[in-house]
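To start, the structure itself, in structure tokens.
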Number of protein chains: 2
Amino acid sequence: MTERIEISTQQIVERVWLSIAERRLRPGVQLKEEQLASIFDVSRARVRQALVALERDGLVTIIPNRGAFVCQPSVDDAKDVFHVRRCVERRVVERLCEANSKADLTRLRNHVAKERLANEKDMTTDIIKLSGGFHLLLAEIVGSDFLFGTMRDLIARTSLITAVYRNNNRFNCGPDEHAEIVEAIAKGDAEKAIRLMEHHLEHVESELDLNEIRRPSNDLRAALAF
Amino acid sequence: MTERIEISTQQIVERVWLSIAERRLRPGVQLKEEQLASIFDVSRARVRQALVALERDGLVTIIPNRGAFVCQPSVDDAKDVFHVRRCVERRVVERLCEANSKADLTRLRNHVAKERLANEKDMTTDIIKLSGGFHLLLAEIVGSDFLFGTMRDLIARTSLITAVYRNNNRFNCGPDEHAEIVEAIAKGDAEKAIRLMEHHLEHVESELDLNEIRRPSNDLRAALAF
DNA sequence: ACCCATATAATTGTCTACAATAATGCTCTC
DNA sequence: GAGAGCATTATTGTAGACAATTATATGGGT
């Protein structure tokens with residue numbers, strides 16, 4: 001007797017997010033409501049909620065009376081996102097160094113440990129979830145709803161950008177750099193922690209192809225232009 | 001024969017936003033769906049959409065199965081918002097100096113002129129809309145959906161913060177400082193434009209009561225604590 | 001008099017049926 | 001055969017009815 005378990009809006013968001021991050025969903029494809037509803041076996045209303053949440057996170061664009069499409073972030077968008085991330089994460093680390101408890105540090109270290117494990121076993125899905133989760137955890141510990149929400153947004157957007165613009169197949173945002181940041185925070189060395197964070201973000205950005213070179217795209221006009 | 005004109009979701013958002021900015025809606029009050037639906041004479045479904053939009057902009061908090069309440073931003077929240085604003089607006093101005101057309105400058109100057117007019121005639125509602133609108137216009141001209149959306153969010157939050165923490169009755173964000181910024185952009189003097197913008201934001205922030213002094217609040221527990 | 005359980009009312013959450021809109025393919029005309 | 005207009009189909013948008021949840025009021029027990 002297996003009870004029919006219903007999937008929540010949040011779970012739909014996460015599944016779509018992961019599909020985009022893992023490049024199974026390409027930019028430009030339309031996410032039709034009924035299609036998703038049947039895939040997840042939920043009502044169309046719930047799918048709609050998930051879609052507006054995904055739009056808020058910058059993963060899809062909703063065109064009125066047309067539908068929802070996976071976003072195609074431009075190179076400039078990517079640079080803007082990283083610019084804002086540097087500022088926001090700098091602030092997060094700053095505030096985290098001011099006040100952090102032993103329990104918080106334990107949570108951070110445990111998280112990094114999980115990341116290491118996922119990396120060793122090459123579990124792609126977990127690696128994606130955890131590497132974003134680390135940055136989110138930092139914001140969560142700070143305790144500011146605003147910073148947390150902003151980070152959520154930025155990480156979602158970064159996932160999309162990474163999916164579109166990363167050249168090699170290795171996933172960035174490795175656990176080692178995270179570990180260093182945690183230890184700097186543990187020592188209360190704000191200056192060092194901030195420096196490490198900025199370096200980390202620059203490293204992530206540097207692994208992307210953000211040159212203006214034309215890339216394969218679903219945009220017919222762009223693809224067929226000479 | 002007046003046709004019954006229906007109010008859109010976006011208009012509901014704006015009306016609520018202005019009510020909050022003008023202090024007619026105090027932090028903590030509940031926005032009941034049916035109540036709003038009858039006020040605006042629309043379906044409850046549309047009100048719900050407006051509420052999730054307001055939540056995204058950080059103006060209301062939605063507690064599941066409880067309802068939507070006007071947010072009560074903390075002093076730390078306020079500081080975080082201004083911190084992020086400084087970074088984002090810096091970026092906006094930076095990009096605007098790189099490339100701006102004659103038409104864009106005209107739009108900016110016209111906007112500032114409207115601000116002046118509203119200030120002279122002491123039209124509170126217009127002053128609020130236009131002073132936020134100036135910053136939004138900058139982001140719009142840059143042409144980045146990401147920066148535009150982020151600014152939208154930040155301005156909405158700033159409105160709430162200003163409503164809660166401003167001490168005098170004068171509305172900040174005056175048109176003179178805006179005008180100076182526009183002229184710096186017109187000259188393509190990025191450095192000066194950025195400096196003026198940062199000064200402007202600091203000025204706005206400085207007119208707020210962001211000391212840790214306890215303030216009157218709707219939170220009974222906090223108000224009655226000794 | 002106070003506390004807890006229960007019943008009632010108020011409020012939010014969800015689903016389904018229907019309406020509006022936009023894209024597609026067809027036909028008729030030139 | 002090409003193109004415009006029209007009909008069809010696919011898809012999204014909206015509203016209203018019902019379900020689930022939470023807050024409030026009531027009454028009985030201690």
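The sequence lines fix the lettering, A, B, ..., with proteins before strands; numbering per chain opens at 1.
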inquiry  = List the residues meeting side chain to side chain contact (heavy atoms under 4.5 Å, CB included) with B/E205, not counting sequence neighbours, and say none if there are none.
reply    = B/K79, B/F82, B/R86, B/L210
Identify all side-chain donor-acceptor contacts of residues 43-59 of chain B below 3.5 Å with residues at least two apart in sequence or on another chain.
{"from": "B/S43", "atom 1": "OG", "to": "B/R46", "atom 2": "N", "distance (Å)": "3.4"}
{"from": "B/R44", "atom 1": "NH1", "to": "B/E33", "atom 2": "OE1", "distance (Å)": "2.5"}
{"from": "B/R46", "atom 1": "NH1", "to": "B/E6", "atom 2": "OE1", "distance (Å)": "2.9"}
{"from": "B/R46", "atom 1": "NH1", "to": "B/I7", "atom 2": "O", "distance (Å)": "2.9"}
{"from": "B/R46", "atom 1": "NH2", "to": "B/E6", "atom 2": "OE1", "distance (Å)": "3.2"}
{"from": "B/R48", "atom 1": "NH1", "to": "B/E33", "atom 2": "OE1", "distance (Å)": "3.4"}
{"from": "B/R48", "atom 1": "NH1", "to": "B/E33", "atom 2": "OE2", "distance (Å)": "2.7"}
{"from": "B/Q49", "atom 1": "OE1", "to": "B/T9", "atom 2": "OG1", "distance (Å)": "3.2"}
{"from": "B/D57", "atom 1": "OD2", "to": "B/R152", "atom 2": "NH2", "distance (Å)": "2.7"}

ask   = B/E34 has an atom CD; how far is it from atom P of C/dT12, in whole Å?
value = 8 Å
query = Is it true that a side-chain atom of B/Q30 and a backbone atom of B/R66 form a donor plus acceptor pair closer than 3.5 Å?
reply = yes
message = Considering every strand and a 4.0 Å limit on heavy-atom distances, what is the contact class for B/Q35: base, sugar-phosphate, or nothing?
response = nothing
message = With a strict under 4.0 Å distance from non-hydrogen atoms of chain B, what nucleotide opens and what nucleotide closes the contacted stretch of DNA chain D, reading 5' to 3'?
response = D/dT14 to D/dA23
request  = Mind checking salt bridge (Lys or Arg N to Asp or Glu O under 4.0 Å) for A/D153 and listing every partner two or more places apart, or none if nothing turns up?
outcome  = A/R157
request  = For residues B/R85 and B/V204, determine if any side-chain heavy atom of one lies less than 4.5 Å from a side-chain heavy atom of the other.
outcome  = no
request  = Output the distance between atom CG (B/L160) and atom CG (B/L25), rounded to the nearest 0.5 Å.
outcome  = 10.5 Å
task = Identify, with sequence neighbours excluded, every residue that meets salt bridge (Lys or Arg N to Asp or Glu O under 4.0 Å) alongside A/E34.
result = none
key: Contact pattern, 5' to 3', of nucleotides 17-24 of chain C - B, S or - by protein heavy atom under 4.0 Å   = ----SSS-
query = Tell me, which of residues 47-56 of chain B have any heavy atom that sits under 4.0 Å from an atom in DNA chain C?
reply = B/R48
task = Determine the minimum heavy-atom distance between A/G28 and A/F69, stating which atoms define it.
result = O-CD2, 3.5 Å
message = Please enumerate all residues that pass ring-ring contact (aromatic ring centres under 6.0 Å, His included) together with A/F134, with sequence neighbours excluded.
response = A/H178
key: Which residue lies more 5' along DNA chain C, comparing A/A45 with B/L31 via nearest heavy atoms   = B/L31
task = Would you mind reporting whether B/E140 and B/M151 have side-chain heavy atoms less than 4.5 Å apart?
result = no
So which protein nitrogen or oxygen atoms get under 3.5 Å of nucleotides 6-10 of chain C's nitrogens or oxygens?
none

Contacts of type salt bridge (Lys or Arg N to Asp or Glu O under 4.0 Å), residue A/E115, not counting sequence neighbours = none
note = Sorted by chain and residue number, the salt bridge (Lys or Arg N to Asp or Glu O under 4.0 Å) partners of A/R15 (sequence neighbours excluded) come out as none
key: For B/T150, all residues meeting side chain to side chain donor-acceptor pair (under 3.5 Å), sequence neighbours excluded   = none
